[in-house]
Amino acid sequence: MKAGYCKKRKRWREIITNETINKILSLFGIKHSDKITQVYKSAWNIDDKYILKRNTDTAHLEKNILISSLLIEKNLPVARFYKTTEGKDYVFLDDAYYSLMDKINGHYLDPYSGNTYENGKMLGKIVAALHIALKDLEDKVEYYDAHCIRELDGWIKDEIEKNNIVFADGLIKDCYAFKELYESLPRQLIHRDMHLWNLMFDNNLFTGYLDFEISQKNVRIFDICYLGASMLVDKYQDPERVKAWKEIFRGVIDGYQGLSMLSENEKDAFHMMFVMIEVIFSAFFAKLGQKETSDSCVDMTNWLYKNKALLEEVRK
């Protein structure tokens with residue numbers, strides 16, 4: 001599982017010299033780069049024109065490249081990957097795989113700036129458009145068929161017990177009880193890492209989707225709630241921010257439904273889907289040994305669980 005959507009949730013960085021990067025770029029036919037900037041995790045901005053990315057999992061990388069190429073055929077804005085001078089999709093060097101793609105111009109949207117409802121509505125349409133396209137790709141892509149409750153009863157349960165993670169009374173019991181509703185929800189190929197930092201904008205115009213490395217089959221509202229949670233982290237303890245978030249997420253729902261209607265079961269599942277996502281993060285960061293980050297996830301999980309009424313207000 002990949003690290004999550006909060007800037008404060010720790011992200012490791014790779015230290016690679018410019019000399020090594022230029023060596024890699026030469027294998028893609030780029031003789032030299034004058035400006036190399038590490039932008040996040042294991043990715044580098046090359047002359048404000050390309051992004052060089054390091055992977056250790058070829059399956060994730062190949063899936064990212066394939067999905068991106070298929071979405072380009074559907075005229076969706078995603079990064080185009082380049083081949084090496086030998087016609088390969090990536091370079092293998094020092095036990096890692098390097099891919100080169102176009103840099104999508106733009107920045108991350110601040111949904112709390114300006115008209116919060118309209119910002120949310122725009123985001124909802126963006127997610128729905130991607131889901132419509134991904135649905136058509138399911139027979140062309142190999143993907144993990146995820147099941148949140150099975151994961152809960154497997155590695156998540158193990159991490160909770162191993163790290164003595166304490167959730168609010170009744171929370172885990174209700175997660176298991178969520179199984180029947182969860183299994184009734186529409187499933188398809190989803191992005192799975194749908195947060196604000198994977199959506200690029202330029203002057204409030206959407207310019208592209210990023211990172212399909214961990215795309216999987218799951219309930220489609222996973223992406224919707226994941227995006228919603230990414231906008232709530234570090235803000236759920238501020239009543240004014242929560243009030244603004246409600247308008248943003250109401251817009252997300254309305255924007256999504258403008259292109260693809262949500263069932264009543266999906267709307268009923270919002271609350272526990274939010275909770276499940278944070279339970280996953282709580283266990284994931286505990287597994288990584290990041291106790292402070294895991295504890296912050298547990299706190300948000302408990303807050304979400306106790307604030308079911310908030311989601312009931314938003315869905316109306």
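None of the values given here were measured: they were computed from a predicted structure. Reckoned from all heavy atoms, side chains included, excluding hydrogens, waters and symmetry mates.
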Roughly how far apart are [X] [atom1] and [Y] [atom2], rounded to 0.5 Å?
X: Ser282; Y: Ile165; atom1: OG; atom2: CD1; result: 6.0 Å
X: Lys74; Y: Leu130; atom1: NZ; atom2: CG; result: 11.5 Å
X: Ile67; Y: Leu134; atom1: CD1; atom2: CG; result: 6.5 Å
X: Ser230; Y: Leu196; atom1: OG; atom2: CG; result: 4.0 Å
X: Ser184; Y: Lys179; atom1: OG; atom2: NZ; result: 13.0 Å
X: His131; Y: Ile221; atom1: NE2; atom2: CD1; result: 10.5 Å

Between [X] and [Y], is any side-chain donor less than 3.5 angstrom from a side-chain acceptor?
X: Thr20; Y: Thr17; value: yes
X: Glu138; Y: Tyr143; value: no
X: Asp145; Y: Gln216; value: no
X: Tyr176; Y: Asp153; value: yes
X: Ser33; Y: Asp47; value: yes
X: Asn218; Y: Tyr182; value: yes

Listing, residues 167-175 side-chain donor-acceptor contacts under 3.5 Å, not counting sequence neighbours, or none:
unit_1	atom_1	unit_2	atom_2	d
Asp174	OD2	Tyr305	OH	2.6

Angle between ring planes, Tyr90 versus Tyr97, binned at 30° and 60°: parallel, tilted or perpendicular?
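If you compare the ring of Tyr90 with that of Tyr97, the planes turn out perpendicular.
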Mind checking whether Tyr50 and Tyr82 have parallel, tilted or perpendicular rings, split at 30° and 60°?
perpendicular
Sidechain N-carboxylate O distance under 4.0 Å for [X], [Y]:
X: Arg250; Y: Asp254; answer: no
X: Arg220; Y: Glu266; answer: yes
X: Asp89; Y: Lys83; answer: yes
X: Glu213; Y: Lys53; answer: yes
X: Glu142; Y: Lys63; answer: no
X: Lys267; Y: Glu264; answer: yes

So do Tyr108 and Met200 actually touch side chain to side chain, heavy atoms under 4.5 Å?
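Yes, close enough: below the 4.5 Å cut-off.
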Give a yes or no on whether Lys308 atom NZ has more than 12 heavy-atom contacts from other residues, nucleotides or ligands under 6.0 Å away.
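No - once you tally the heavy atoms of other residues, nucleotides and ligands closer than 6.0 Å, there are 12 at most.
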Would the number of heavy atoms belonging to other residues, nucleotides or ligands and lying under 6.0 Å from NZ of Lys235 be above 12?
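Enclosed: over 12 neighbouring heavy atoms sit under 6.0 Å from NZ of Lys235.
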Hydrophobic clustering (ILVMFWY, side-chain heavy atoms < 4.5 Å, transitive) - are [Y] and [X] grouped together?
X: Leu93; Y: Ile46; result: yes
X: Val298; Y: Val166; result: no
X: Met231; Y: Tyr117; result: no
X: Tyr144; Y: Ile280; result: no

Linking Ile, Leu, Val, Met, Phe, Trp and Tyr by side-chain heavy atoms under 4.5 Å, what else ends up with Ile132?
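Other cluster members: Leu259.
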Within 45° of the axis and under 6.0 Å from the centre of the six-membered ring of Tyr112, does NZ or CZ of Arg241 qualify?
yes
Can you confirm if the NZ or CZ of Lys287 lies within 45° of the ring axis of Trp155 and under 6.0 Å from the centre of its six-membered ring?
yes
So Phe178 and Glu183, side-chain contact (heavy atoms from CB on, under 4.5 Å) or not? Walk me through it.
CA-CA 9 Å; Phe178 179 51; Glu183 291 182 341; over 6 Å; no
Is it the case that the side chain of Asn64 and the backbone of Phe212 share a donor-acceptor pair, with hydrogens and angles ignored and the cut-off at 3.5 Å?
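Judged by distance alone, yes, a pair lies under 3.5 Å.
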Please walk me through it: do Asn45 and Asp48 pass side-chain hydrogen bond (donor to acceptor under 3.5 Å, both in side chains)?
CA-CA 6 Å; Asn45 180 344; Asp48 288 326; 2.8 Å; yes
Checking Phe270, Phe281, Phe274 against Tyr226 for ring pair (Phe, Tyr, Trp, His ring centres under 6.0 Å), the one that qualifies is Phe281
